[in-house]
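Structure first, then comments.
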Amino acid sequence: MENAKSVKLILEDGTEIEGTSFGAFTSAAGEVVFSTAMTGYPENLTDPSFAGQILVLTYPMVGNYGVPGEELYESISKIFESDKIHIAGLVVNYYSEEHSHWNAAKSLGDWLKEYNIPGIFGVDTRMLTKILREKGAMLGKIVAEDDVALHDPNQDNLVAQVSPTEVQHYGSGQHKIVLVDCGTKTNIIRCFLQRDVELIRVPWDYDFTTLDYDGLFLSNGPGDPKMCEPTIQHLQTALGQDKPIFGICLGSQLMGLAAGGDTFKLKYGHRSHNQPVLLSGTKRSYITSQNHGFAVDTDTLPAEWEMLFENLNDGTCEGIRHKTKPFFSTQFHPEAAGGPEDTEYLFDDFLKAVAEYKAAK
Ligand SMILES: NC(=O)CC[C@H](N)C(=O)O
């Protein structure tokens, strides 16, 4: 690339890696996490759950299919997972400014520049991932001209930063679903709108218990789930009723906390499109899309709750369910975007539970 400027990636353990700048030539600090997904950077970079994180991609060449232009679907993005880039910085091995794809509108570097997000390339990201697997996810920074202090985003209420402030309505189906938006991926909204649903999207701390609805959905979102105290309190009220509840990722962690269980931080998290999970009580496994750094501690779940899915790599909890009421959640992403769509049927399972609840009323 012309006029290439050198930048550094510095980790809290003192590791310093020199590379070349792409995207914005600026410094940024965050939690350094890795993803082994082979594609999907337009989706990953706009997933609000990545807020505050410097993302390391192990796939060796990034940028070669460019970035699509925006298109709308029912007033939300048809392409991206939110309306902006949420990562704090991007670390890749080989960055391809040149790109070729039928819907590419710009290069990855130009897109990062639009949001003032720095990228660094020329980094052996597989070596770096081995360090992060060995020592755990670490704080770090990309340093261009001016130095910045290390900063732990998990100490911030990131959900409050990415959640909307207004209630929004979508669709006109027969099931009225409240979506508590802690930083939702738009494909969750698309998955609902492709079904028979009227969606009421509310801010993370909105008291949804006052609304008239048939089913409750808890979205994914960034940071430590324990920061979402108001959401947990409202959810506890909802758990006292019988209306179906479905949670994804952060939503699963909030369900665990509201039920009286605990969550903990994983050593280096699960971020990829090929995580195997086992459906409890069966021999059926699914390949799932994942992006999380925290998990529900299965041993702390009260007696009325049980693990619904288990991660086959490390045995951690990938979802929970209530033994008698229609409440369940997944730590993985049934809406994929990117990743396999094998578990999208869970949206249908949830809506079936909603229909049964309404029929029994
Ligand atoms: N994708 C998500 O919802 C992530 C949940 C939470 N922030 C975690 O890292 O575990």
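No experiment lies behind these values; they were computed from the predicted model shown. Residues: numbered from 1 along the sequence shown. In listed order, ligands and their atoms are each counted from 1.
Annotation: side chain of Trp305 is in contact with side chain of Phe327 (closest heavy-atom distance under 4.5 Å). In this structure, the side chains of Glu70 and Phe80 come closer than 4.5 Å at one or more pairs of heavy atoms.
Listed by chain and number, Ser49, Asn220, Gly221, Pro222, Gly223, Cys249, Leu250, Gln253, Asn291, His292, Gly293, Phe294, His333 each place a non-hydrogen atom less than 4.0 angstrom from ligand 1.
The aromatic ring centres of Tyr286 and Phe332 sit 6.0 Å or more apart. Under the 6.0 Å cut-off for aromatic ring centres, Phe121 and Tyr94 do not qualify, their centroids lying 6.0 Å or more apart. Aromatic rings from Tyr65 and Tyr41 are positioned such that their centres are separated by under 6.0 Å.
In Met127, the CE atom is crowded: over 12 heavy atoms of neighbouring residues, nucleotides or ligands sit closer than 6.0 Å.
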